[in-house]
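Worksheet for the structure shown next.
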Protein chains: 2
Amino acid sequence: MQHWIIDREVGALATWVEAMPGVQILRRDQIPAIRFAGTGVIWSRLRSGEPVELALAGIDRSGGQPVVLLSDEPDEAQVLQALALGAAGCCNSRAATAVLQQVTAVVGNGGLWVGQSLLRKLVGATALRLGQLPAEGENDNWAALLSEREVQVSRLVANGASNKEIADHLAITERTVKAHLTAVFEKLGVRDRLQLSLRVNGLRI
Amino acid sequence: MQHWIIDREVGALATWVEAMPGVQILRRDQIPAIRFAGTGVIWSRLRSGEPVELALAGIDRSGGQPVVLLSDEPDEAQVLQALALGAAGCCNSRAATAVLQQVTAVVGNGGLWVGQSLLRKLVGATALRLGQLPAEGENDNWAALLSEREVQVSRLVANGASNKEIADHLAITERTVKAHLTAVFEKLGVRDRLQLSLRVNGLRI
DNA sequence: GTGCCGACTGTACTTTGGTTCAATAGATTC
DNA sequence: GAATCTATTGAACCAAAGTACAGTCGGCAC
């Protein structure tokens with residue numbers, strides 16, 4: 001896995017080199033001319049006082065590599081802004097080697113990384129917001145909208161079962177499974193079994 | 001590192017045993033009598049329809065081990081509640097082995113874990129999806145087995161898109177989408193798009 | 001009773017998903 | 001240059017998913 005670090009000036013911290021053997025440090029003003037190829041992680045360092053856009057603009061994203069903001073002074077707003085600008089995460093630029101490696105593992109596989117203290121703040125803020133605005137349909141009570149049988153069928157679908165398998169499992173005909181599913185699609189406003197699966201598995205609200 | 005899993009009934013999923021060699025499965029009704037000792041992670045499984053408190057109450061926390069909620073149907077409210085109750089994270093109980101190991105790495109070091117899809121909801125970063133950024137991939141190396149195009153198609157499928165929608169989005173014909181998917185099914189050993197979705201979304205291998 | 005609802009099933013149908021043939025073309029590797 | 005991999009597409013086909021319309025049966029409420 002390749003690592004690229006974008007900074008105002010060339011010069012790496014020891015932790016970076018330790019966590020990312022073979023890392024390539026790039027000057028920010030060279031970025032527009034560079035196309036990133038291959039699997040890897042693009043890190044962009046934000047110095048104190050600089051605006052987040054400065055670190056995240058102009059990076060070639062066509063290669064699909066995740067971008068992580070390395071901030072000298074991370075704060076909540078900065079993280080949110082970085083994520084909104086398409087970054088896969090944000091961590092302290094002086095983070096320990098092990099932390100950097102953990103970030104790599106997470107974002108390298110398509111995940112998002114947010115440091116724990118910041119995550120606590122985010123969670124706190126969100127919980128607060130949800131507490132004030134009581135769950136306007138956000139609480140996905142999909143099961144509450146369905147009959148018991150429909151819930152059973154939905155759960156089996158969400159696990160990847162075919163109509164035939166569901167029918168055998170519930171000792172009913174395939175036709176009945178279809179009838180239940182048609183009712184479920186209608187009640188939940190989803191199009192097909194795949195979207196139902198996402199709903200049941202909490203991947204979409 | 002020791003792992004304890006608390007469930008309503010004894011009986012482990014294959015992924016659990018794989019991710020946590022030597023794991024100890026405990027019945028929920030035995031919990032009040034148990035004192036956890038040594039370094040490790042306490043997992044507590046929440047079945048469908050059960051209230052979060054049921055899984056997190058009555059656990060001896062004096063040993064300082066992090067507690068992770070294993071939810072059959074995770075949703076945003078559940079995660080927030082779990083964190084509010086002192087859990088270090090929440091993930092789908094059918095998460096892939098690699099995901100469970102990643103959770104272990106994070107919470108074992110004092111971190112908080114929130115799944116990517118849920119984190120995205122917390123952050124409200126819907127722009128990320130639109131930006132063609134990697135969806136919720138996991139440490140399962142499914143993507144490594146596929147070509148770039150196949151990965152693109154797989155991610156769209158995992159988000160619930162139809163072949164026609166994928167074709168339009170990528171400016172290719174539906175026929176080509178089918179060709180890519182047939183190749184993906186073969187390479188990953190899955191049966192259809194729903195199982196591919198589960199794989200890409202890190203649910204069960 | 002009558003009406004409503006949920007579970008269940010049948011026949012027939014359309015649509016979507018997925019496979020099996022086959023083929024062209026560019027890029028890379030050896 | 002041959003071999004290999006990937007992306008792309010076509011025609012034809014089979015299978016699964018999903019819809020439309022229709023009907024039976026039991027429980028429950030008014």
Side-chain angles (χ1 to χ4, degrees), chain A residues 2 35-40 60 62-65 141-201 204, chain B residues 48-49 132 134 141-201 203:
Chain A
Q2 178 63 47
R35 285 184 65 82
F36 297 96
T39 63
D60 166 46
S62 63
Q65 302 88 355
N141 50 353
W142 64 271
L145 300 170
L146 309 179
S147 73
E148 191 179 341
R149 207 55 160 168
E150 287 164 352
V151 170
Q152 286 177 10
V153 173
S154 299
R155 293 208 166 110
L156 290 167
V157 163
N159 276 313
S162 70
N163 288 345
K164 181 73 171 64
E165 289 168 342
I166 296 171
D168 292 345
H169 190 264
L170 298 180
I172 55 181
T173 66
E174 208 176 325
R175 176 64 191 85
T176 306
V177 174
K178 289 183 177 184
H180 287 312
L181 281 178
T182 299
V184 169
F185 296 156
E186 165 70 21
K187 287 183 181 176
L188 297 185
V190 297
R191 185 170 66 189
D192 54 33
R193 61 200 304 114
L194 184 15
Q195 298 200 340
L196 173 61
S197 161
L198 296 177
R199 180 84 174 264
V200 171
N201 282 316
R204 244 195 206 172
Chain B
S48 300
Q132 264 293 34
N141 56 354
W142 64 271
L145 300 171
L146 308 178
S147 73
E148 191 179 340
R149 207 57 159 167
E150 288 164 351
V151 170
Q152 285 177 10
V153 172
S154 299
R155 292 203 163 117
L156 290 168
V157 163
N159 276 321
S162 69
N163 288 344
K164 180 74 171 64
E165 288 169 343
I166 295 170
D168 292 345
H169 190 267
L170 297 180
I172 56 181
T173 65
E174 208 176 326
R175 175 64 190 84
T176 306
V177 174
K178 290 182 177 185
H180 287 312
L181 281 178
T182 299
V184 170
F185 297 156
E186 164 69 20
K187 287 183 180 176
L188 297 185
V190 298
R191 184 170 66 187
D192 52 33
R193 63 201 300 112
L194 185 14
Q195 299 200 338
L196 171 62
S197 162
L198 296 177
R199 178 79 175 266
V200 171
N201 284 314
L203 304 175

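Order of the sequence lines fixes the chain letters, A, B, ..., with proteins taken first and strands second; residue numbering starts at 1 for each chain.
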Is there any protein nitrogen or oxygen under 3.5 Å from a nitrogen or oxygen in nucleotides 21-27 of chain C, and what are the pairs?
none

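Comparing A:E150 and A:D192 against DNA chain C, the residue whose closest nucleotide sits nearer the 5' end is A:E150. Of the two residues contacting DNA chain C, namely A:K187 and A:I172, the nearest-nucleotide position lying further toward the 5' end is that of A:K187.
Of the residues in residues 176-186 of chain A, those lying under 4.0 Å from DNA chain C by heavy-atom distance are A:T176, A:A179, A:H180.
At a threshold of 4.5 Å between non-hydrogen side-chain atoms, the residues A:L156 and A:V177 do not count as touching. Side chains of B:L181 and B:V157 form a contact here, defined as non-hydrogen atoms less than 4.5 Å apart.
A nucleotide of DNA chain D counts as in contact with chain B when one of its atoms lies under 4.0 Å from a heavy atom; the first and last such, 5' to 3', are D:dT6 to D:dA11.
Identified under the salt bridge (Lys or Arg N to Asp or Glu O under 4.0 Å) test for residues 151-160 of chain A, with sequence neighbours left out: A:R155-B:E73.
Between the P atom of C:dG17 and the CG atom of B:L156 lies a distance of 13 Å, rounded to the nearest Å. The separation between B:E174 atom CD and C:dT16 atom C1' is 8 Å, rounded to whole Å. Whole-Å rounding puts the A:I166 CD1 to C:dT9 P distance at 14 Å. Rounding to whole angstrom units, CG of residue B:L194 and C1' of C:dG18 are separated by 14 Å. B:R193 places its CZ atom 8 Å from the C1' atom of C:dT16, with the value rounded to the nearest Å. One can place NZ of B:K164 at 10 Å from P of C:dT16, the figure rounded to the nearest angstrom. One interatomic measurement links the two molecules: CG of A:N163 to P of C:dG18, which rounds to 13 Å at whole-angstrom precision. The distance from atom CG of A:L170 to atom P of C:dG6 is 18 Å, rounded to the nearest whole Å.
Atom CG of A:L170 sits about 10.0 Å away from atom OG1 of A:T176, to the nearest 0.5 Å. To the nearest 0.5 Å, the span separating CZ on A:F36 from CD on A:Q65 amounts to 7.5 Å. Taking CD of B:Q152 as the reference point, atom OG of B:S147 lies at 8.5 Å (rounded to 0.5 Å). Taken from CG in B:D168 to OG1 in B:T173, the straight-line distance is 10.5 Å, to the nearest 0.5 Å.
An angle of 40°, rounded to 10°, separates the two end axes of the helix from C:dG1-D:dC30 to C:dC30-D:dG1, each defined over five pairs.
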Result block: side-chain N/O donor-acceptor pairs under 3.5 angstrom for residues 182-192 of chain A, not counting sequence neighbours:
unit_1	atom_1	unit_2	atom_2	d
A:T182	OG1	A:K178	O	2.9
A:K187	NZ	A:E150	OE1	2.8
A:K187	NZ	A:E150	OE2	3.3
A:R191	NH1	B:E165	OE2	2.6
A:R191	NH2	B:G160	O	3.0
A:R191	NH2	B:E165	OE1	3.1
A:D192	OD1	A:L194	N	3.2
A:D192	OD1	A:Q195	N	3.1

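Closest approach of B:L198 to A:A158, counting heavy atoms only: CD2-O, 3.4 Å. Listed here is the closest heavy atom pair of A:S154 and A:L146: OG-CD1, 3.7 Å.
Here the options are A:R193, A:R175, A:H180, the test is side-chain contact (heavy atoms from CB on, under 4.5 Å), and the partner is A:N163; only A:R193 passes.
At the phosphate of C:dA7, OP1 or OP2 sits under 4.0 Å from a side-chain N or O atom of A:S147.
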